[in-house]
K.L.:
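There's a structure below that I have some questions on.
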Amino acid sequence: MPDTADHFLLICTTCKGGPSVGSMRDMLADRLPKGFAIRAIDCMAGCDHPGTVGFQAKNKAQYLFGDIQTTQDIEALAEFAEQYRQSPDGWTNATDRPRPLLTKTLSRMPRIAQEVPS
């Protein structure tokens with residue numbers, strides 16, 4: 001069966017002090033919306049915020065969250081994944097995100113706009 005994922009949840013493999021990649025993967029695998037895949041990534045430069053997780057999709061804003069430590073944080077990531085999936089450009093307001101992620105957003109990078117040839 002071909003991989004149909006077009007949205008990705010990225011989990012840092014080098015974070016020290018947060019949940020392991022395996023435990024995060026296990027807790028999230030069955031809770032993510034259809035079309036999501038989990039990718040283990042070597043260092044996302046969130047070292048001061050162990051448990052760094054990113055969201056990525058083509059033509060959408062990208063997010064980086066840190067200090068993911070608790071079951072509530074994991075549940076919030078699953079909830080955000082649905083929000084992110086439904087957003088046409090990936091853009092969400094901080095106050096609309098699940099409450100546990102409110103202070104855990106490390107960055108939001110805008111989508112790369114397609115350049116129109118002149």
Side-chain angles (χ1 to χ4, degrees):
M1 184 165 111
D3 184 6
T4 59
D6 59 357
H7 284 67
F8 304 95
L9 184 137
L10 314 172
I11 301 173
C12 183
T13 62
T14 56
C15 282
K16 304 287 187 245
S20 71
V21 174
S23 66
M24 271 203 218
R25 184 186 301 269
D26 290 347
M27 289 187 278
L28 286 164
D30 294 335
R31 302 194 65 203
L32 296 175
K34 183 179 171 112
F36 259 90
I38 297 174
R39 290 183 173 168
I41 304 296
D42 289 338
C43 194
M44 291 192 287
C47 303
D48 290 338
H49 306 278
T52 303
V53 174
F55 284 84
Q56 188 177 59
K58 186 175 182 181
N59 296 319
K60 288 192 173 187
Q62 297 178 55
Y63 288 84
L64 190 65
F65 296 101
D67 296 317
I68 303 302
Q69 302 289 327
T70 68
T71 302
Q72 279 185 314
D73 295 339
I74 299 292
E75 290 170 6
L77 290 174
E79 186 179 337
F80 179 75
E82 184 63 42
Q83 235 179 4
Y84 186 67
R85 178 89 176 132
Q86 297 301 319
S87 173
D89 60 2
W91 202 262
T92 66
N93 293 321
T95 55
D96 294 334
R97 291 181 213 133
R99 186 173 271 319
L101 298 181
L102 191 61
T103 61
K104 297 176 183 275
T105 306
L106 302 181
S107 71
R108 172 179 62 191
M109 296 180 62
R111 70 182 180 90
I112 298 173
Q114 297 288 341
E115 291 191 29
V116 179
S118 29

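Keep in mind that what you see is a predicted model, and the values were worked out from it rather than measured.
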K.L.:
Might you point out which heavy atoms bring Ala94 and Leu102 nearest each other, and give the distance in Å?
P.N.:
O-CD1, 3.3 Å
K.L.:
Please report the shortest heavy-atom distance between Ala61 and Arg108, naming the atom on each side.
P.N.:
CB-CG, 4.3 Å
K.L.:
Restricting to non-hydrogen atoms, name the atom on Met44 and the atom on Ile41 that form the minimum distance, rounded to 0.1 Å.
P.N.:
CG-CG2, 3.8 Å
K.L.:
Examine distances only and state if a side-chain atom of Arg97 and a backbone atom of Thr92 form a donor-acceptor pair shorter than 3.5 Å.
P.N.:
yes
K.L.:
Which of these passes ring-ring contact (aromatic ring centres under 6.0 Å, His included) with Tyr63: Phe8, Phe55, Phe80?
P.N.:
Phe80
K.L.:
Can you establish whether the number of heavy atoms outside Asp96 located under 6.0 Å from its atom CG is more than 12?
P.N.:
yes
K.L.:
Got a sec, which residues hit side-chain contact (heavy atoms from CB on, under 4.5 Å) with Asp67, two or more places apart in sequence or on another chain?
P.N.:
His49, Pro50, Lys104
K.L.:
If I compare all heavy atoms of Pro33 with all of Ala81, which pair ends up nearest, and what's the gap?
P.N.:
CD-CB, 3.7 Å
K.L.:
If you group Ile, Leu, Val, Met, Phe, Trp and Tyr by side-chain heavy-atom gaps below 4.5 Å, do Leu64 and Leu101 land in one group?
P.N.:
no
K.L.:
Would a distance-only check, ignoring hydrogens and angles, find a side-chain to backbone donor-acceptor pair under 3.5 Å from Asp89 to Trp91?
P.N.:
yes
K.L.:
What residues form a side-chain hydrogen bond (donor to acceptor under 3.5 Å, both in side chains) with Gln72, not counting sequence neighbours?
P.N.:
none
K.L.:
Specify the closest pair of heavy atoms between Thr13 and Ala40, including all atoms of both residues, with the distance to one decimal.
P.N.:
CG2-CB, 3.4 Å
K.L.:
Which pairs of donor and acceptor atoms, one on a side chain in residues 14-28, lie under 3.5 Å apart (sequence neighbours left out)?
P.N.:
from  : atom 1 : to    : atom 2 : distance (Å)
Thr14 : OG1    : Cys43 : N      : 3.3
Ser20 : OG     : Ser23 : N      : 3.0
Ser20 : OG     : Ser23 : OG     : 3.1
Ser23 : OG     : Ser20 : N      : 3.3
Ser23 : OG     : Ser20 : O      : 3.0

K.L.:
If we ignore hydrogens and angles and just use 3.5 Å, is the side chain of Thr105 paired with the main-chain N or O of Phe65 as donor and acceptor?
P.N.:
no
K.L.:
Mind checking the CD-CE spacing from Gln62 to Met109? Nearest 0.5 Å is all I need.
P.N.:
6.0 Å
K.L.:
Using the salt bridge (charged side-chain N to carboxylate O under 4.0 Å, His left out) criterion, which residues pair with Asp6? Sequence neighbours excluded.
P.N.:
Arg85
K.L.:
When clusters are formed by joining ILVMFWY residues with side-chain heavy atoms under 4.5 Å apart, either directly or through shared neighbours, do Ile68 and Ile38 land in the same one?
P.N.:
yes
K.L.:
Among all residues two or more places apart in sequence or in another chain, which pass the side-chain hydrogen bond (donor to acceptor under 3.5 Å, both in side chains) test with Ser107?
P.N.:
none
K.L.:
Under 3.5 Å, is there a donor-acceptor pair linking the side chains of Glu79 and Gln83?
P.N.:
no
K.L.:
With His7, which residues qualify under ring pair (Phe, Tyr, Trp, His ring centres under 6.0 Å), at least two apart?
P.N.:
Phe36, Tyr84
